[in-house]
Amino acid sequence: MTILVTGGAGFIGSNFVLDWLAASDEAVLNVDKLTYAGNLHNLAALSGDPRHIFVRGDIGDAQLMGALLAQHQPRAVLNFAAESHVDRSILGPAEFIQTNIWGTFQLLEQVRAYWAALDASAKATFRLLHVSTDEVYGSLAASEPAFTETNRYEPNSPYSASKAASDHLVRAYHHTYGVPVLTTNCSNNYGPLHFPEKLIPLMIVNAQAGKPLPVYGDGMQIRDWLYVKDHCSAIRSVLAGGRVGETYNIGGWNEKPNLDIVHTVCDLLDELKPRADQQSYRTQITYVTDRPGHDRRYAINARKIERELGWKPAETFETGIRKTVQWYLDNPQWVAQVQSGAYREWVATQYAQA
Ligand code: NAD
Ligand code: DAU
């Protein structure tokens, strides 16, 4: 048996592939375009492992995806592939429309044709699991209850709008054609192999490099944080037992303002790798221009997945963030490798008016 994972060289996808093959001998066909966010070094531990088949490719390439499905006959497709960074979607939305909407549409078309031709028993057990985000629900006021699966979609950024569109297409392919889909909407992930354009890894690498720690606006925007390995275990649970056509919210029950997150990272670094001058890394915090259209608060009600599938996160924020900071301290070569010329160009553009 084989599963097909798209975007498996990115942050969450590579953690998923590594965890999957640590627990199972079921092969993974990993299709990734290797954009700036895709990194084969993430999968170095699988080098020479016949259970991992890597193909560089675009989910929007209908011919390639159709041929791979026909050749490998996967019993499931898990779609992690996406453009994922909100700030990049503000500076250049076109790639987000291309991959997240058009690419997902092309993938759905190929999966529909493949699934329709399966024999009855393979057809009954096949699943397409689409990995999505809590950002599709928009922004919450401080007093509002956490997002449930029945919240209205109100995406506010080009990124979240493109993910919302892809979720709608996935839903429609189930409703109209009967494709057996599952959708997960998860909160902010953090952990090993996280590209340092996102808040937590950016703070860890900037702090150590003696650079400013750029906090957008007043730093009081709230996110729910989930350790990436917990997201991976939730996806495995949904794949194994989720009800076809349903969506599942995934979260860590860890709502925190950004400033608290940055303080926690600084305090852990103060403990684990103190600055030579004995000052706190907190002194590097710099308030910068806010993100346009910045969502104020996300919060996830993850009761449905707990009730139906018995899934709960294993890590608290305190245990997960300590593991994460330690991982970055232990893997300076990974950080150096991802900080290529393209990465430096992005940082120079994004933080130019700071
Ligand atoms: P990422 O940016 O780290 O990785 C995305 C991967 O997709 C990269 O390896 C990239 O090369 C690949 N990719 C991009 N376009 C592609 C295309 N057209 N064809 C094939 N591969 C392509 O993203 P991530 O943080 O790992 O997120 C993975 C998924 O999870 C995304 O769908 C994202 O929307 C969703 N998600 C992310 C978070 C989070 O906090 N990071 C939370 C909830 C949901
Ligand atoms: O909620 C799930 C989403 O979480 C995923 O769908 C996205 O793919 C993922 O990137 C993430 O989106 P965010 O915009 O919440 O993550 P980011 O790490 O970019 O920012 C987290 C918060 O920190 C947000 O309020 C913006 C703020 N921030 C971010 C950066 C990069 C800063 O204050 N300074 C920064 O330099």
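Counting begins at 1 with the first residue of the sequence. On a predicted model such as this, the values are computed, not experimentally measured, just so you know. Order of appearance sets the numbers: ligands from 1, and atoms from 1 within every ligand.
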Q | Closest non-hydrogen atom pair, Leu140 against Pro145 | A | CD2-O, 3.5 Å
We want to know whether [X] and [Y] form a side-chain donor-acceptor pair, criterion being a heavy-atom distance below 3.5 angstrom.
X	Y	value
Asp270	Ser280	yes
Thr104	His130	no
Tyr298	Glu135	yes
Tyr190	Asn254	no

Q: Within a distance under 4.0 Å of any heavy atom of His85, pick out the atoms of ligand 2 and give their elements.
A: 19 (O)
Does any N or O of ligand 1 fall below 3.5 Å from an N or O anywhere on [X], backbone included?
X	result
Thr35	yes
His194	no
Thr133	no

Q: Could you tell me how the ring of Tyr343 sits relative to the ring of Phe195: parallel (under 30°), tilted (30 to 60°) or perpendicular (over 60°)?
A: perpendicular
Quick check on [X] - does any of its heavy atoms sit under 4.0 Å from an atom of ligand 1?
X	value
Phe80	yes
Tyr36	no
Ala9	yes
Gly57	yes
Thr6	no

Q) Contact between Gln350 and ligand 2, counting heavy atoms under 4.0 Å? A) no
(Q) Any atom of ligand 2 sitting under 4.0 Å from a heavy atom of Glu197? (A) yes
**Q.** From Gly103, Ala82, Gly251, Ser132 - option closest to atom 44 (C) of ligand 1 by heavy atom
**A.** Ser132
Q) Which is closest to atom 24 (C) of ligand 2 in terms of heavy atoms, His194, His294, Met203? A) His294
Distance-only, no hydrogens or angles: does the [X] side chain make a donor-acceptor pair with backbone N or O of [Y] under 3.5 Å?
X	Y	answer
Thr99	Phe96	no
Arg297	Glu144	yes
Asp134	Asn249	no
Asn189	Ser187	yes
Asn30	Gly8	yes

Note the single closest protein heavy atom to [atom], along with its residue, its atom name and the distance in Å.
atom	answer
atom 34 (N) of ligand 2	Pro214 O, 2.8 Å
atom 36 (N) of ligand 1	Ile12 CD1, 4.0 Å
atom 3 (O) of ligand 1	Phe11 N, 3.1 Å
atom 35 (C) of ligand 2	Tyr216 CZ, 3.3 Å
atom 12 (O) of ligand 2	Glu135 OE2, 2.8 Å
atom 23 (O) of ligand 2	Asn258 ND2, 3.3 Å
atom 21 (C) of ligand 2	Leu199 CB, 3.8 Å
atom 36 (O) of ligand 2	Tyr351 OH, 2.6 Å
atom 14 (O) of ligand 2	Arg291 NH1, 2.6 Å
atom 8 (O) of ligand 2	Ser84 O, 2.7 Å

Q. Any idea which part of Lys163 is under 4.0 Å from ligand 1, heavy-atom wise: side chain, backbone, both or neither?
A. side chain
Q | Under-4.0 Å heavy-atom contact with ligand 2, by part of Asn188 that carries it | A | both
Q. So which bit of Lys198 gets within less than 4.0 Å of ligand 2, heavy atoms only: side chain, backbone, both or neither?
A. both
Looking only at distances, can you tell me whether any N or O atom of [X], backbone or side chain, sits closer than 3.5 Å to an N or O atom of ligand 2?
X	value
Ser187	no
Leu202	no
Tyr159	yes

Q | Atoms in ligand 1 flagged as close to Asp58, the criterion being non-hydrogen separation under 4.0 Å | A | 17 (C), 18 (N), 19 (N)
